[in-house]
Number of protein chains: 2
Amino acid sequence: MSLHDPDLDRIFQALGDPTRRALLARLLEGPAPVTVLAGPTGMALPTVLRHLAVLEAAGLIASEKRGRTRLCAVQVGALAATEHWLNRQRAIWEGRTDRLEALALSLEAQDDAVRPDDRS
Amino acid sequence: MSLHDPDLDRIFQALGDPTRRALLARLLEGPAPVTVLAGPTGMALPTVLRHLAVLEAAGLIASEKRGRTRLCAVQVGALAATEHWLNRQRAIWEGRTDRLEALALSLEAQDDAVRPDDRS
DNA sequence: CAAAAACTTAGCCAATTCGCTAAGTTTTAG
DNA sequence: CTAAAACTTAGCGAATTGGCTAAGTTTTTG
């Protein structure tokens, strides 16, 4: 499980763009309409709108139409899920590190760690 | 700072692909040569090699040529840096959440949170 | 030394991504 | 009711991505 988690795909991909991280950072200070978010980016509105759509598809933000403006706000859940995944990965690493530190990239490593069983 | 961190770009983008997360997960169990890593993916070797190159460019793994094989191993530093970034973002959110929870997506939010100062 | 193993390089292709401009649409202001 | 504001949709073009096959190159094995 979680080896091919589409949610995780979308979240990481969304965070992989500096413009989107900037938008998210701005939203962490409070909700804002699209035009306000677009301001600092110096980008055209449709461009920013698509970045926001990516963030929303990833569950990182939510938005709601209020009259003629759309108000966007952070949705911290996805961020927490991501942290959780990273935590788990690092935990796995740290659980093994005592056993591996002696051989990482060393001679035995090649023959010893290569086939501890490849349960696909 | 960190609004346009190329390292963060590469790390998140690298983690945004399920194949690469699977490769990383496999490497968390111990170092392995390219062919072994390629096995479970069912992909052609050059394809896997490029995924590994992406992971390495992001600093998530390291690799070393040993004879005719290349041994790959996790480099946990980048993972930790990513966790750190996420932690910081969530901390910002949680620091504001008390102030914002009352207005998130509400009426005042629009006019009040829009211009707390936009230091770009 | 001949050949197999394990990459490595060099393309090719389809799909996606990131930016843009131009032309709607829907609300609100006058 | 007209017009400005604030999206929204449509579509375009260059660049990147993710997959492949084919043809090297370097080591090891027989």
Side-chain angles (χ1 to χ4, degrees), chain A residues 3-4 6 8-24 27 31-58 60-73 105 107 109-111 113-115 118, chain B residues 4 6 9-24 27 31-58 60-73 105 107 109-111 114-115:
Chain A
L3 282 184
H4 183 312
L8 227 37
D9 285 12
R10 286 189 223 104
I11 292 170
F12 279 127
Q13 276 175 20
L15 293 176
D17 181 273
T19 301
R20 284 191 294 262
R21 282 202 308 282
L23 289 171
L24 191 62
L27 283 176
V34 179
T35 306
V36 170
L37 293 170
T41 70
M43 289 176 186
L45 212 57
T47 305
V48 174
L49 207 60
R50 284 246 320 281
H51 279 303
L52 290 171
V54 170
L55 287 170
E56 188 155 15
L60 288 162
I61 71 170
S63 75
E64 181 190 347
K65 204 69 192 282
R66 278 208 150 289
R68 73 181 150 177
T69 82
R70 171 174 298 279
L71 193 61
C72 303
L105 284 180
L107 258 174
Q110 183 188 16
D111 187 80
V114 148
R115 44 130 189 68
D118 60 342
Chain B
H4 186 312
D9 284 13
R10 286 189 223 103
I11 292 171
F12 278 127
Q13 275 174 22
L15 293 177
D17 182 272
T19 301
R20 285 192 293 262
R21 283 201 309 281
L23 288 170
L24 191 62
L27 283 175
V34 179
T35 307
V36 170
L37 292 171
T41 70
M43 289 175 186
L45 213 56
T47 304
V48 174
L49 208 60
R50 285 245 320 280
H51 279 303
L52 290 170
V54 170
L55 286 169
E56 188 156 16
L60 288 162
I61 70 170
S63 75
E64 183 190 345
K65 203 71 192 280
R66 279 209 149 286
R68 75 181 147 173
T69 82
R70 172 175 297 277
L71 194 59
C72 303
L105 284 179
L107 259 172
Q110 184 189 17
D111 187 80
V114 147
R115 42 124 192 69

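Below, chains carry the letters A, B, ... as their sequence lines are ordered, and counting in each starts from 1. Fair warning: this is a prediction, and the values are worked out from it, not measured in the lab.
Every residue two or more places apart in sequence or in another chain was checked for a side-chain contact (heavy atoms from CB on, under 4.5 Å) with A:Ala53, and none qualifies. Among residues two or more places apart in sequence or in another chain, the salt bridge (Lys or Arg N to Asp or Glu O under 4.0 Å) test is passed with A:Arg70 by none. Residues forming a side-chain contact (heavy atoms from CB on, under 4.5 Å) with A:Val48 (at least two apart in sequence, or on another chain): A:Leu23, A:Ala38, A:Thr41, A:Met43, A:Leu52.
Smallest separation of non-hydrogen atoms from A:Cys72 and A:Ile61: CB-CD1, 4.5 Å. The shortest heavy-atom contact between A:Leu15 and A:Leu60 is CD2-CD1, 3.9 Å. Among all heavy-atom pairs drawn from A:Ile11 and A:Ala58, the shortest one is CG1-O, 3.5 Å.
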- Item | A:Thr35 vs A:Thr69, side chain to side chain contact (heavy atoms under 4.5 Å, CB included): CA-CA, chis, key distance, verdict | CA-CA 9 Å; A:Thr35 306; A:Thr69 82; over 6 Å; no
- Message: side chain to side chain contact (heavy atoms under 4.5 Å, CB included), that's the test. Do A:Val54 and A:His51 meet it? Break it down for me.
- Response: CA-CA 5 Å; A:Val54 170; A:His51 279 303; 5.6 Å; no
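Checking the phosphate oxygens (OP1, OP2) of D:dC7, a side-chain nitrogen or oxygen of A:Thr35 falls inside 4.0 Å.
Looking at A:Arg20, its side chain does come within 3.5 Å of a backbone N or O of A:Gln13 through a donor-acceptor pair.
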- Item | Under 4.0 Å protein heavy-atom contact, by nucleotide of nucleotides 11-18 of chain C - B base, S sugar-phosphate only | -------B
- In B/S/- notation, 5' to 3', how is nucleotides 24-29 of chain C contacted by protein heavy atoms closer than 4.0 Å? ---BSS
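Considering CG of B:Leu24 and CG of B:Asp17, their distance stands at 11.5 Å, rounded to 0.5 Å.
Sequence order on DNA chain C of the closest nucleotides to A:Pro46 and B:Val34 puts B:Val34 first from the 5' end.
Of the candidate nucleotides C:dT21, D:dC7, C:dT8, C:dT8 has the atom lying nearest to any side-chain atom of B:Arg70.
Taking the C1' atoms of five terminal pairs at each end of the helix from C:dC1-D:dG30 to C:dG30-D:dC1, the two resulting helix axes are inclined by 10°, rounded to 10°.
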